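Down below is the structure, laid out as structure tokens.
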Amino acid sequence: MNYETILFEEQEGVARITLNRPERLNALCSAMFPEIHDALDRAQARSLRVLVIAGAGRGFCAGADLEQPLGSGSREERDIGAILERNYNPLIMRLRSLPVPVVSVVNGVAAGAGVSLALAADLTVAARSASFVLAFARIGLIPDAGATYFLAERIGTSRALGLALLGEKLSASDAQSWGLIWKCVEDDELAATVDALVDKLRVGPTVGLGLTKRAIYASREQTLAEQLHLERKLQAEAGRTGDFEEGVAAFLAKRSARFTGG
Ligand code: T3D
């Protein structure tokens, strides 16, 4: 598949998907979804160890492309929920369940479902000048593509409601101090920070990292007893990897581990 709305590169286990509609602040048009899935298929067909999602130009992603018809037919027939079901929800679920770390790089504004996309990553790093805008209320919609879930989970009901009902911009530094994102860094340090993060994840124990995110995400829906059982199950898997043997051997030999991801 040739890509018209994204850029894709893959090198040494790191796949990078860049939303590439800078003139529309990388608004999500319908063509983007199959392209992102195709890129993910390609990345997963190789030995993927980290996925990076970024935006081209001055923004990360302005959410749904409002220039596209938002559903067809009469007002009664219009079903934006069906668009979510077809395009957004499968993508968000796929990113969350990808068995490798996913990093989103928020270089500028993230709005609407662009916020959801940024937060669907495991680690979100934002430039100081970036911002997060739950623009949904401005157009009479509700936060979607996981936004209500990610927000309530990370910053609590009061702040989630404030952002969602008022639609005001949240600065990247507040997003960090509120616990919405992993890190906010100076604009001119964004690329280097992300490179260092990705380099570290790329040479990490990939299977163990994938199981770790699975356990942490599962914890929200489970009792302590269920979570202990899940940890027991996933730890058994982690303990059967070569990377576990390498990690222990490296510790005992007082050297750095050379994880292969398996
Ligand atoms: O049907 C479905 O898909 C359902 C799913 C819905 C999920 C959603 O995401 S709903 C929310 C949709 N997003 C928005 O409502 C955000 C709209 N954009 C804005 O509010 C502002 O653009 C921003 C706050 C993001 C940034 O403001 P600013 O001043 O930095 O930039 P700008 O001048 O508004 O935008 C620059 C250009 O991008 C501009 O085009 P122009 O005038 O230079 O030709 C603007 O029209 C375009 N643009 C920005 N956002 C979108 C967009 N074009 C299409 N769709 C957009 N969402």
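Counting convention: from 1, in listed order, for ligands and their atoms alike. Both backbone and side-chain heavy atoms feed into the values below; hydrogens, waters and symmetry mates do not. Note that the structure is predicted; figures quoted are calculated from it, not measured.
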What I want to know is whether [X] and ligand 1 share at least one N or O pair that is separated by under 3.5 angstrom.
| X | result |
| --- | --- |
| Val133 | no |
| Arg24 | yes |
| Lys169 | no |

[X] neighbourhood, listing ligand 1 atoms whose heavy-atom distance to it stays under 4.0 Å:
| X | answer |
| --- | --- |
| Ala64 | 2 (C), 3 (O), 5 (C), 6 (C), 7 (C), 8 (C), 9 (O), 12 (C), 55 (N), 56 (C), 57 (N) |
| Ile83 | 1 (O), 2 (C), 3 (O) |
| Ala135 | 14 (C), 15 (O), 16 (C) |
| Gly112 | 9 (O), 11 (C) |
| Tyr88 | 3 (O), 5 (C) |
| Ile80 | 1 (O), 4 (C) |
| Gly63 | 9 (O) |
| Asp65 | 54 (C), 55 (N) |

Any pair counted as ring-ring contact (aromatic ring centres under 6.0 Å, His included), so long as it reaches residues 182-225, sequence neighbours left out: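 As it turns out, there is no ring-ring contact (aromatic ring centres under 6.0 Å, His included) pair with a partner in residues 182-225 once direct neighbours are skipped.
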Sequence neighbours left out, what pairs pass ring-ring contact (aromatic ring centres under 6.0 Å, His included) with at least one residue falling in residues 21-64?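 ring-ring contact (aromatic ring centres under 6.0 Å, His included) check on residues 21-64 returns Phe33-Tyr88.
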Should the proximity of [X] to ligand 1, defined as any heavy atom under 4.0 Å, be assigned to the side chain, the backbone, both, or neither?
| X | value |
| --- | --- |
| Ala111 | side chain |
| Ala113 | both |
| Asp144 | side chain |

Nearest non-hydrogen atom to atom 15 (O) of ligand 1 belongs to which of Asp79, Leu66, Asn26?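 Nearest option to atom 15 (O) of ligand 1, by heavy atoms: Leu66.
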Regarding atom 20 (O) of ligand 1: of the candidates Gln68, Arg78, Arg138, which has the closest heavy atom?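 Shortest heavy-atom distance from atom 20 (O) of ligand 1: Arg138.
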[X] bridged to [Y] by N-O distance under 4.0 Å:
| X | Y | value |
| --- | --- | --- |
| Arg128 | Asp187 | no |
| Asp41 | Arg94 | yes |
| Asp65 | Arg21 | yes |
| Glu10 | Arg46 | yes |
| Glu246 | Arg255 | yes |

Could you tell me whether Arg159 sits above the aromatic face of Trp178, with NZ or CZ closer than 6.0 angstrom to the six-membered ring centre and within 45 degrees of the axis? yes
Does the Lys NZ or Arg CZ of Arg220 fall within the cation-pi geometry relative to Tyr149 - under 6.0 Å from the ring centre and within 45° of the axis?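 Yes, Arg220 and Tyr149 form such a contact.
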For ligand 1, is there an atom lying under 4.0 Å from some heavy atom of Glu23?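 Yes, Glu23 has a heavy atom closer than 4.0 Å to ligand 1.
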Close approach of Arg58 to ligand 1, heavy atoms, under 4.0 angstrom: yes
Result of checking Arg214, Arg96, Lys213 against Asp122 for salt bridge (Lys or Arg N to Asp or Glu O under 4.0 Å): Lys213
Without swapping roles, check the side chain of Glu9 against the backbone of Val14 for a donor-acceptor pair under 3.5 Å. no
